[in-house]
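Naming convention: chains lettered A, B, ... in sequence-line order (proteins, then strands); numbering from 1 in each chain.
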Amino acid sequence: MDKTFDFAKNEPLIYNKWLDGNAFRAEVNPDKKPYTVIMPPPNVTARLHIGHAFGLTVQDIIVRFKRMQGFEALFLPGADHAAVATDVKVREELKKRGIDPNKISDAEFLQHVEEWYKIYTEQIKEQMKRLGLSCDWSRFTFTKDPCAAKAVDTVFNNLYKKGLIYKGSRMVNFCPGCKSALSDAEVEYKTVERTMYHIKYDTITVATVRPETIPGDVAIAVNPKDKRYAKFVGTTVTNPLTGAKIPVIADDYVDMKFGTGALKITPAHDMADAEIGARHGLKPIILKTEDLTDEARLRAIEVLKKSGALVKEQKYTGNISVCYRCFRPVEPTISEQWFLKMRDLAKPAIEALNNGLAIVPKKYEKIYLHWLNNIKDWCISRQIKSGYKIPIKGETDTLDTWFSSALWPFCTLGWPDNTPDFKYFYPTQTLVTAYEIIFFWVIRMVFSGIEATGKLPFERVVFTGLVRDGQGRKMSKSLGNGIDPVKIIDEFGTDVLRFSLIVGTKLDRDPRYSMEKATLTRNFINKIWNATKFFENMQTPAVATPAPKATALRPADKWILTKFNNLIKSVTKKYEKFDFGVAAAELQHFFWADFCDWYIEESKQTNNPEVYHDVLSAFLKLISPIMPFVTENIWTEVLGNRTSLLSATFPIPNPKYNFPKEFKEFEQHIERIKTERNAKSEAENAVKKIEILKKEIARGEQVLANKGFVDHAPKELVAKERTKLEENRKLLKELGK
RNA sequence: GGAGAUUUAGCUCAGCUGGGAGAGCAUUCGCCUUACAAGCGACAGGUCGUAGGUUCGAUCCCUACAAUCUCCACCA
């Protein structure tokens, strides 16, 4: 064997061996139960980052585990065309090449988009392969593939026929950067400092941060309880920019304590104003976009200053709504868009939580429900070029990219056709995704799946956290604390990346990653490698000592077998609960502390290669979903197995290997040795030990003197305390000599 | 404003149905012991956020408070 595991050489060899053997291919197989995981398709706009690596590793662990449990496991890979994001990227790329994207024809532009798709889809596939994902590549799907297009068409038309999709002139958030309408979910909030202007409308002064919208004002609103303004309600005031007479109205919405307590109403350019305007039957005045710029604001201020209407300026810190893609402030505007009626679609999605949909971790259930219970109609039209055209004759708008993403779990399996794949693999079992896209994607998949197929798209959704750095900070370019997963693979190998990403994480918190984890994992893999070397030497005739027969199990054998049985139980339970972080930690601890530090040491004088072999190979199986390469290498190259670990069965505890008596004895044996070592390294140990014993005895006496404890506590516990006390007294006597 | 989560050793985190606080790393000390110095052995480190309550017994259950974080809503 080499000195260390040569991952650079072996990992690609092993992966290609799997590919050549069609090992990841899932077939329709009536003799087996299917287990389907559809991959959330990464955008074709970027390289895979550490967050992708984490999520994809979690999925691959699930699939490999289920495959070993005998399921027909399908991991279906794909990539997303990411309409808006790709649009931006392609424009940038064209400008770099000296082409003005606005001067070429639509057809030409779309051709460049197609090119982009091709190049970056291949790049993404390559990166996924480097992560060691056991995907069925024959089923790779791109969100612009014909099957997806057919699904989009079918779903849109069905919803349209049902009257759930409608076109209407309504208040929507418009992004001046993306030059498109957005859905509510696509709007984020950012805290910024702005200037608040106090402006006189005759007798009433209002405070506003957007004086450029004054020409759109149709009223001034005050709180009906506000005594200061009661006398003005019902009168009119003059718009300081247009000279128009506008009414003073009373509305509960107005906060008396905020600003001057008087609110200008601009129904065409503010969400709240639109509602107030509608309540009072006011007709909105729609302004042109060029009249809503920063320059327009400065012009308005100039005019107001000259006329004396501007009475005060003050700094104000508050939230502004921005586009989640380009982060530019969005402009609420009345415009004609396509909407999806949500009320009826949301109902079954809400009920799904009682009808077979599990959300893991559970804490996301409330977030899921809250959003669905407060859902508004979904603006599905976008004014950008790439993406799916709205399938109505003459429409130039495209669909929100999430409209097609929502169909992902079934369009990838052949729907709307009732294909054998669809019949067998749908509904899918587990969807793994980041909690950030619960609204964008997960909820929309649920209601779209129920609506289109009559079934839930998945039995459960598992949410993963956001990968942070060692100190818990977000990884970001400006902090320079980002870690490129491909770099870890280059330096340490895929096994190291996968295990180090997983170990110590919990699903309900954000995972943390640092280079330290990578080196620790490298050391662990080296440990596994060397323990295997020890086994090879054990078997070499020159070194071998007369080994006991398999039936003649030594105490150490019985101990490790019992310990390993317990490990299998515990690890399997954790895998089933998707608690891979703790499973990984337990596996590592068992191997290092129990198997290497104690069992190997006990095997240096006499040994039992059969037991060693059994435990080692079962351990390799147990950890292989997380660490597929080095385990496969040892499994085939060193242990001489002909078939891949992929097709091995996941270990189940062996009832024969349960020796509670010998187990306890060996644990005591370990304790004794530790005490001896301790005595050796610390001369004054005896004095110390006496102190501890005295304390222990005092504690035991106190506990047993407590009548409540003796009467109420379980009998075994009381008995245990009694014997412990006696033993300690005996020991103290011996040491006292 | 509404909701949720977290708080355990210097750091990062485990602790299943309440029954004497655990790991890894870091620190300190001693070791090249024939699988491994990417290693081995050992010591030291904790009023389990604060204050009450339930219980024979609370890190665990209940109440209040505090700090940190996240999501949602958003007031001109």
ask   = A/Arg677 side chain N/O closer than 4.0 Å to the phosphate oxygens (OP1, OP2) of B/rC31?
value = no
B/rC43 OP1/OP2 closer than 4.0 Å to side-chain N/O of A/Asn678 = yes
By side chain to side chain contact (heavy atoms under 4.5 Å, CB included) - contacts of [X] (at least two apart):
X        : answer
A/Glu436 : A/Ala434, A/Leu466
A/Asn530 : A/Asn526, A/Lys533
A/Glu696 : A/Ile692, A/Asn728
A/His712 : none

inquiry  = Using a 3.5 Å limit on both distances, find every run of at least three consecutive Watson-Crick or G-U pairs that involves RNA chain B.
reply    = B:1-7 with B:66-72, B:10-13 with B:22-25, B:28-31 with B:39-42, B:49-53 with B:61-65
note = Letter by letter from the 5' end, nucleotides 68-76 of chain B scores (B base, S sugar-phosphate only, - none; protein heavy atoms under 4.0 Å) ----S-BBB
remark   = Nucleotide by nucleotide, nucleotides 22-29 of chain B touches protein heavy atoms under 4.0 Å in the pattern (B base, S sugar-phosphate only, - none) ---S----
Indicate every side-chain donor-acceptor pair of residues 189-198 of chain A with a distance under 3.5 Å to a residue at least two apart or in another chain.
residue: A/Thr191; atom: OG1; partner: A/Asn319; partner atom: OD1; Å: 2.9
residue: A/His198; atom: NE2; partner: A/Gln314; partner atom: OE1; Å: 2.7

Pairs flagged by side-chain hydrogen bond (donor to acceptor under 3.5 Å, both in side chains) wherever residues 490-514 of chain A is involved - sequence neighbours left out = A/Glu11-A/Thr494, A/Asp60-A/Arg498, A/Arg130-A/Asp490, A/Tyr435-A/Asp510, A/Arg468-A/Asp510, A/Ser500-A/Tyr513
ask   = For A/Glu667 and A/Arg672, what are the C-alpha separation, side-chain angles and deciding distance, and is it a salt bridge (charged side-chain N to carboxylate O under 4.0 Å, His left out)?
value = CA-CA 9 Å; A/Glu667 293 269 300; A/Arg672 269 199 298 280; over 6 Å; no
Using a cutoff of under 3.5 Å, can you pull out all pairs of nitrogen or oxygen atoms linking the protein to nucleotides 52-61 of chain B, with atom names and distances?
residue: B/rC56; atom: O2'; partner: A/Asn706; partner atom: ND2; Å: 3.0

Using residues 593-601 of chain A as the side-chain source, report each donor-acceptor pair under 3.5 Å to any protein atom, sequence neighbours left out, with the distance given to one decimal.
residue: A/Tyr599; atom: OH; partner: A/Asp557; partner atom: OD1; Å: 2.5
residue: A/Glu601; atom: OE2; partner: A/Lys604; partner atom: NZ; Å: 3.2

task = Tell me, please, which residues at least two apart from A/Arg729 pass salt bridge (charged side-chain N to carboxylate O under 4.0 Å, His left out).
result = A/Glu701
ask   = Is A/Lys674 touching bases, backbone alone, or none of the nucleic acid, heavy atoms closer than 4.0 Å?
value = sugar-phosphate
